[in-house]
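The sequence lines fix the lettering, A, B, ..., with proteins before strands; numbering per chain opens at 1. Just so you know, these numbers come straight off a predicted model, no measurement behind them.
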Amino acid sequence: MEPLSLPALRRVAVCGGTHGNEMTGIYLVQEMQRKQRENGDNTWPAYVKTVLSNPKAVKECRRYIERDLNRCFTSAILSSSITETTPYEVQRAHELNAILGPKGSSEAFDLVCDLHNTTANMGVTVIAYTTKDYITMHIFKYLQAKISSVPVRLLMLDIPIPDAYSLESVGKHGFALEIGPQPNGVVRADVFNVMKEALLLALDWVQLFNSGSKMEGGQVEVFSFQKSVDYPRDPETRQITSAIHPQLQDKDFCLLQAGDPLFLSFSGETTTYQEREPLYPIFINECAYYEKGVAFQLVCKRTVNIPPVQIQKD
Amino acid sequence: MQSRLLSAPWTRPAVRAATPRAGRVAVFGGTHGNELSGVALVGMWVKDGAEIQRSGVATTPFIANPRAVERCARYVDTDLNRAFTAENLSALSGDELPYEVRRAQEINRLFGPKGTADAYDVIFDLHNTTSNMGCTLILESSSDHFVLQMVRHVQKACAPAGCSVLLNEHPLLKYSTSRSVAKHPIGLEVGPQPQGVLRSNIFESMRLILKHALDFIELFNCGVEFPACSVDVFRVLERVDYPRDANGNITAMVHPHLQDCDWEPLSSGDPMFQTFDGRTIEYQGPGPVYPAFINEAAYYEKQQAFVTTRRETLSACAVRKLQ
């Protein structure tokens with residue numbers, strides 16, 4: 001099959017600390033910056049730009065200061081005016097858009113990779129917006145083939161780019177690398193090692209692509225967001241009254257069928273899955289989603305074909 | 001010789017008649033606002049405390065740091081669980097004092113005063129850790145026979161599930177906890193659980209340990225005699241920090257072989273840290289030691305990667321309520 005011709009990926013950004021308490025990306029970006037400064041080690045290619053996305057939140061080891069930075073990259077927010085009352089993270093989003101974008105323009109970085117952690121047992125999850133971003137799809141396929149220590153999966157948000165709200169949507173191509181489980185404020189060596197391996201593999205793929213190799217296509221399994229499910233809550237106080245059921249805890253990407261337990265209330269009652277369609281739960285018991293009213297999300301699985309790709313010849 | 005239990009002043013044990021029974025007990029949740037098992041349990045018991053009541057004793061559930069709980073943060077200005085120093089408790093009250101110091105003074109008024117005969121008999125303080133410590137009871141004294149007997153009772157009731165006992169009597173590493181206001185302070189530490197997350201199994205484990213502890217108090221108050229016994233504990237030796245650079249930034253992480261290995265022996269030559277570029281740093285020291293609080297999120301800022309402990313067997317005298 002004739003490969004799809006795509007422009008070279010000359011400008012690549014790696015971002016950490018978009019959430020200031022997701023420690024792997026923060027330490028990995030800082031380590032990359034240290035190595036690039038020292039220059040004695042070519043583990044990290046010089047053309048890769050490293051960014052600490054939310055330095056104020058990183059300093060305080062908090063997810064954000066005023067507003068979740070990773071919800072501030074819609075075209076609407078990026079084109080709004082900045083005033084004295086504009087939240088810090090919206091101002092920072094504008095700054096990052098100027099550095100890595102502007103989103104949707106020809107000056108934008110070719111590839112943005114944003115590093116995240118989750119408290120959920122999600123292994124390595126690559127998060128992207130559209131299956132038409134073949135660069136991201138190919139990188140995912142490469143990671144899944146090469147990484148054997150943990151499961152590697154692809155989560156597709158299926159949102160049009162102008163409405164896409166997270167940092168990686170600023171680049172022409174982009175994806176988030178979400179790795180868990182890891183508590184906020186903690187850096188686990190096993191998670192760090194896997195994230196470093198995944199990032200090096202992604203940069204390897206970029207190098208192979210840029211040097212002219214034909215990257216073979218194939219079938220890719222994709223999980224697509226369907227809906228979110230909240231905790232059972234007290235109708236007056238909105239306090240949660242149940243925890244994720246022990247049989248659901250840590251079972252991200254394990255198919256849920258009717259009758260499977262979902263929640264165990266503090267008084268001992270079990271709530272079960274009532275939908276007719278079996279779906280896959282993810283982000284089960286993610287710390288940051290309590291305030292967003294999400295106990296877990298439900299996704300469905302499908303297979304997508306991606307074409308071979310090759311660098312555009314000038 | 002049979003020992004008579006009484007409520008001795010917290011500064012030193014003494015055989016002296018005082019409160020005949022453990023009549024006033026409190027259960028603290030949310031001393032750290034993001035350790036959610038205690039927040040959820042105490043929140044539940046504040047609405048309906050039937051589960052924690054026992055005959056002959058009034059048990060008060062209490063949210064220790066409500067502002068931190070509201071923000072789901074460990075603390076607002078300063079760590080409440082380090083704030084109960086003599087200096088803080090006697091400081092002149094005023095708005096310029098950190099929130100947690102003012103709160104400590106209030107808690108001391110409600111449940112203390114610390115060190116006096118009016119103080120609560122027992123305070124259970126509910127905590128979570130990101131470390132893989134399972135169920136742990138934390139003691140502040142090796143000679144509090146009432147508490148040692150309670151620990152023994154809880155361990156037997158939990159069996160075959162384990163319950164470790166951490167003893168922190170270290171003159172420098174011991175700290176002024178919110179529970180130290182009571183005559184008999186006991187920490188319940190259950191992990192691993194991320195901050196800001198409520199795990200059902202962790203919640204139920206903590207609930208069960210507390211139930212056994214309250215059952216002990218009820219039996220004690222009814223006049224049951226608990227015969228002399230021994231209790232295996234882990235005594236805190238020293239704090240081990242992460243390797244850091246000149247700016248104080250950490251340069252290595254807990255090694256994968258040490259991660260999650262709380263209470264397992266660590267000997268000289270065993271992997272301890274892994275640098276960001278993959279090099280192993282080994283533990284060099286007398287051993288074996290038994291590490292705890294390995295990779296606790298809240299301790300990065302306290303310069304602690306883990307604490308080392310040594311195993312010790314404490315003797316508990318026979319204990320019976322004073323008739």
Roughly how far, to the nearest 0.5 Å, is CZ of A:Phe192 from CD of B:Gln274?
7.5 Å

Do you know the tightest heavy-atom contact between B:Asp277 and A:Lys196?
CA-NZ, 3.8 Å

Got a second to check how far B:Lys47's NZ is from A:Asp234's CG, nearest 0.5 Å?
5.5 Å

Heavy-atom pairs under 4.5 Å with chain A: which of B:Leu198, B:Asp260, B:Thr130 has the most?
B:Leu198

Looking at A:Lys59, I'd like to know if its NZ atom is crowded, meaning that more than 12 non-hydrogen atoms belonging to other residues, nucleotides or ligands lie closer than 6.0 Å.
no

Answer key: most heavy-atom pairs under 4.5 Å with chain A among B:His255, B:Gln259, B:Arg199 is B:Arg199

If we define contacts as heavy-atom pairs under 4.5 Å, which of A:Asp250, A:Asn285, A:Ile244, A:Leu264 has the most with chain B?
A:Asn285

A:Arg188 side chain vs B:Met253 backbone, donor-acceptor pair below 3.5 Å:
no

Hey, what do you get for SG (A:Cys287) to CG (B:Leu36), rounding to the nearest 0.5 Å?
7.5 Å

Checking A:Phe266 against chain B: side chain, backbone, both or neither under 4.5 Å from a heavy atom?
both

Supply the atom-to-atom distance B:Asn295 CG to A:Gln182 CD, rounded to the nearest 0.5 angstrom.
8.0 Å

Would B:Ile250 and A:Val187 satisfy side-chain contact (heavy atoms from CB on, under 4.5 Å), going step by step from the backbone distance to the final call?
CA-CA 11 Å; B:Ile250 71 169; A:Val187 63; 4.2 Å; yes

Residue A:Arg67 excluded, over 12 heavy atoms near CZ under 6.0 Å
no

Checking heavy atoms, do the side chain of A:Arg34, its backbone, both or neither come under 4.5 Å from chain B?
side chain

What verdict does the side-chain contact (heavy atoms from CB on, under 4.5 Å) test give for A:Val186 and B:Glu296, after you've listed the backbone C-alpha separation in whole Å, the side-chain angles of each residue and the deciding distance to 0.1 Å?
CA-CA 7 Å; A:Val186 161; B:Glu296 159 56 50; over 6 Å; no

Spacing of NE2 belonging to A:His245 relative to OG belonging to B:Ser200, to within rounding of 0.5 Å:
7.0 Å

Among A:Pro246, A:Cys61, A:Ser242, A:Pro181, residue most engaged with chain B (heavy-atom pairs, under 4.5 Å)
A:Pro246

Portion of B:Phe276 that has a non-hydrogen atom of chain A nearer than 4.5 angstrom
both

Which pair of non-hydrogen atoms, one from A:Asn193 and one from B:Pro256, has the smallest distance, and what is that distance?
ND2-CG, 4.3 Å

Taking non-hydrogen atoms and a cut-off under 4.5 angstrom, which of residues 13-32 of chain A neighbour chain B?
A:Tyr27, A:Glu31

Decide if atom NZ of A:Lys146 counts as having more than 12 heavy atoms of other residues, nucleotides or ligands within a radius under 6.0 Å.
no

